[in-house]
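What follows is a short report on a single structure.
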Amino acid sequence: MSRNVIELVPGTVSLQSLVRIHAGGVRVTMVDSARANLLAAQRVVHDILHAGAVVYGINTGFGKLAQTVIPAQQLAALQRNLVLSHSVGTGADLPAGVVRLILATKAVSLARAHSGVRPEIVDALLALLNADLLPRIPGKGSVGASGDLAPLAHLACVLIGEGEVIAPEGSVLQGAEAMRRAGFSPFVLGPKEGLALLNGTQVSTALALAGLFGAEHVLCAALLAGALSLEAIQGSIKPYDERIHAARGQPGQIAVAAAVRALLDGSEIIPSHADCGRVQDPYSIRCVPQVMGACLDNLRHAARVLVIEANAASDNPLVFADTGEAISGGNFHAEPVAFAADIIALAVSEMGALSERRTALLLDTGLSGLPPFLVHDGGVNSGFMMAQVTAAALASENKSLAHPASVDSLPTSANQEDHVSMATFAARRLADMVNNTAVVVGIEAMAACQGMELKRRLKSSPCIEAEFAAIRERVAFLDQDRFLAPDVEAMRLWAMGAQGRAWPASLTTILPSLARDPFA
């Protein structure tokens with residue numbers, strides 16, 4: 001199979017495959033065996049109708065209207081009306097990478113063969129994905145229970161010829177035209193198919209995955225920035241001693257300490273000040289393994305939850321072909337995703353908080369031993385003074401955004417849906433938080449390079465010197481005040497891993513989705 005083709009096997013789609021789908025540029029197919037399973041589940045739905053049984057979601061109303069039985073001649077209208085009535089999203093459209101993940105994970109969820117939809121529905125979702133015909137999905141309007149109803153309705157609208165799609169060239173297409181380009185006619189939805197498309201946690205999961213991927217890049221950048229800062233202030237490597245972290249036993253802490261030791265291996269600067277008399281560095285330097293290790297553990301846990309959810313059957317009711325049953329449950333409730341998004345938010349906020357403190361340390365001549373605000377001729381020049389203010393503003397903003405969304409709940413549907421997860425907001429706010437922390441970390445790395453250069457005598461490790469050179473390609477030494485906003489933006493992109501930049505292997509191997517993909 002070509003390295004540019006990803007075959008989806010429902011239930012076993014890997015995190016690395018999801019990373020590649022998010023990035024785009026790959027073709028996605030469904031394993032052949034899924035088709036027979038889909039047909040078997042569809043037969044269960046048809047058998048229920050033929051037997052005259054009344055089953056929620058197949059021949060009843062929805063939510064509080066579940067007691068209303070729908071006549072057979074109105075079932076097609078029921079499914080179409082469901083999609084149209086639930087298309088009430090608002091706000092900016094979701095980013096392209098997130099929509100790709102939604103299309104793929106919705107196809108995977110349906111192909112678990114517990115939804116009772118025809119195989120052609122799955123085929124159409126993948127056809128849109130492979131043609132990069134991305135439905136316009138407003139980002140706001142889901143409470144993360146009964147599935148991501150409103151945003152998924154905007155996706156389903158395209159399948160019935162309604163709604164809008166962004167084409168690869170950037171033009172806006174109507175749903176019917178997009179379906180034609182993908183090789184399909186708009187669907188007349190059969191029993192349960194509209195409900196199956198709307199139920200599910202695919203939007204909140206895709207948003208949380210995108211947040212996870214961004215958080216991992218920022219964690220790599222933050223560890224590099226911290227190592228640069230340690231070198232700039234001639235800090236101690238002793239707190240990274242393997243024995244210290246083994247004595248505690250926290251896996252993330254052990255991994256981060258090892259990664260930083262690898263980053264600094266071969267430094268000429270560290271042994272040059274071994275007997276400087278400094279007893280202890282501030283916590284923002286000394287406790288990087290403890291703080292960033294806890295962040296790493298959170299990201300690893302979130303990754304496990306999200307890859308399970310990306311493979312999940314989160315519809316309701318679920319069809320079981322082996323027994324011919326359709327059973328109502330609550331797999332659409334997105335509490336696992338909400339919790340995962342909340343702990344990603346905590347990690348992202350703490351990464352930025354620690355980084356901002358190191359920037360403040362670098363600028364404080366009494367602590368760093370460097371010129372005030374990292375510039376010669378202070379007074380005439382303000383140097384990095386205001387860059388640190390920007391970092392402080394964004395780190396503080398993230399503290400507010402990090403408040404757990406999952407602890408909130410507002411009942412809907414006449415109290416039928418009386419507890420909701422708020423997972424979609426929990427996940428959606430991660431994009432802003434990651435971007436904020438990327439700016440904070442980028443400012444630190446820029447300041448640390450400035451600090452290293454202000455008293456440059458010896459070289460750091462080969463790894464840190466390579467990173468120093470990469471940063472200097474983006475941002476010049478600050479010899480006097482200049483317009484700094486472009487430099488801040490260049491460093492934000494550096495911290496986000498833009499332009500396909502490769503992080504050192506000692507960092508990527510400790511992260512769940514940045515570990516080397518066997519197809520790469």
With the side chain counted from C-beta on, respond yes when [X] and [Y] share a heavy-atom pair under 4.5 Å apart, and no when they do not.
| X | Y | answer |
| --- | --- | --- |
| N130 | V26 | no |
| L394 | T437 | no |
| T105 | I21 | no |
| Q79 | P191 | no |
| V165 | R136 | no |
| V475 | V488 | no |
| P10 | V31 | yes |
| L296 | I510 | yes |

Side chains of [Y] and [X]: any donor to acceptor distance under 3.5 Å?
| X | Y | result |
| --- | --- | --- |
| N436 | N398 | yes |
| T424 | S142 | yes |
| S14 | S17 | yes |
| N435 | R492 | yes |
| E216 | W503 | no |
| S355 | E444 | yes |
| E309 | T205 | no |

Evaluate L306 against I344 for side chain to side chain contact (heavy atoms under 4.5 Å, CB included), listing each step before the verdict. CA-CA 11 Å; L306 294 175; I344 294 171; 4.1 Å; yes

Using a strict threshold of under 4.0 Å (side-chain N to carboxylate O), is an ion pair present between [Y] and [X]?
| X | Y | value |
| --- | --- | --- |
| E169 | R181 | yes |
| D342 | R429 | yes |
| R112 | D315 | no |
| R100 | D132 | yes |
| R35 | E120 | yes |

To the nearest 0.5 Å, what is the distance between [atom1] on [X] and [atom2] on [Y]?
| X | Y | atom1 | atom2 | value |
| --- | --- | --- | --- | --- |
| S87 | L82 | OG | CG | 9.0 Å |
| N199 | N331 | CG | CG | 10.0 Å |
| I102 | L129 | CD1 | CG | 11.0 Å |

So, S115 side chain and V117 main chain: donor-acceptor pair closer than 3.5 Å or not? no

Quick check against the 3.5 Å criterion: does H154 have a side-chain atom that pairs as donor or acceptor with the backbone of G89? yes

side-chain contact (heavy atoms from CB on, under 4.5 Å), paired with [X], selected from [options]:
| X | options | answer |
| --- | --- | --- |
| V203 | V99, L152, V337 | L152 |
| L134 | V98, D93, L94, L103 | L103 |
| P317 | I327, L195, V45 | L195 |
| I6 | R20, R27, Q16 | R20 |

Stepwise, does the side chain to side chain contact (heavy atoms under 4.5 Å, CB included) test hold for L263 with L507? CA-CA 9 Å; L263 292 177; L507 300 181; 4.0 Å; yes

Heavy-atom pair of closest approach, residues E7 and M30: CG-C, 4.4 Å

Where L514 and C220 come nearest, the two heavy atoms and their spacing: CD1-SG, 3.9 Å

I would like to know whether M292 and L219 meet side chain to side chain contact (heavy atoms under 4.5 Å, CB included); could you show each step before the answer? CA-CA 8 Å; M292 297 297 285; L219 186 143; 4.0 Å; yes

Between W494 and E489, is a side-chain hydrogen bond (donor to acceptor under 3.5 Å, both in side chains) present by the stated rule, with each step listed? CA-CA 9 Å; W494 170 84; E489 174 60 12; over 6 Å; no

V288 and V256: side chain to side chain contact (heavy atoms under 4.5 Å, CB included), yes or no, with the steps? CA-CA 8 Å; V288 165; V256 165; 4.2 Å; yes

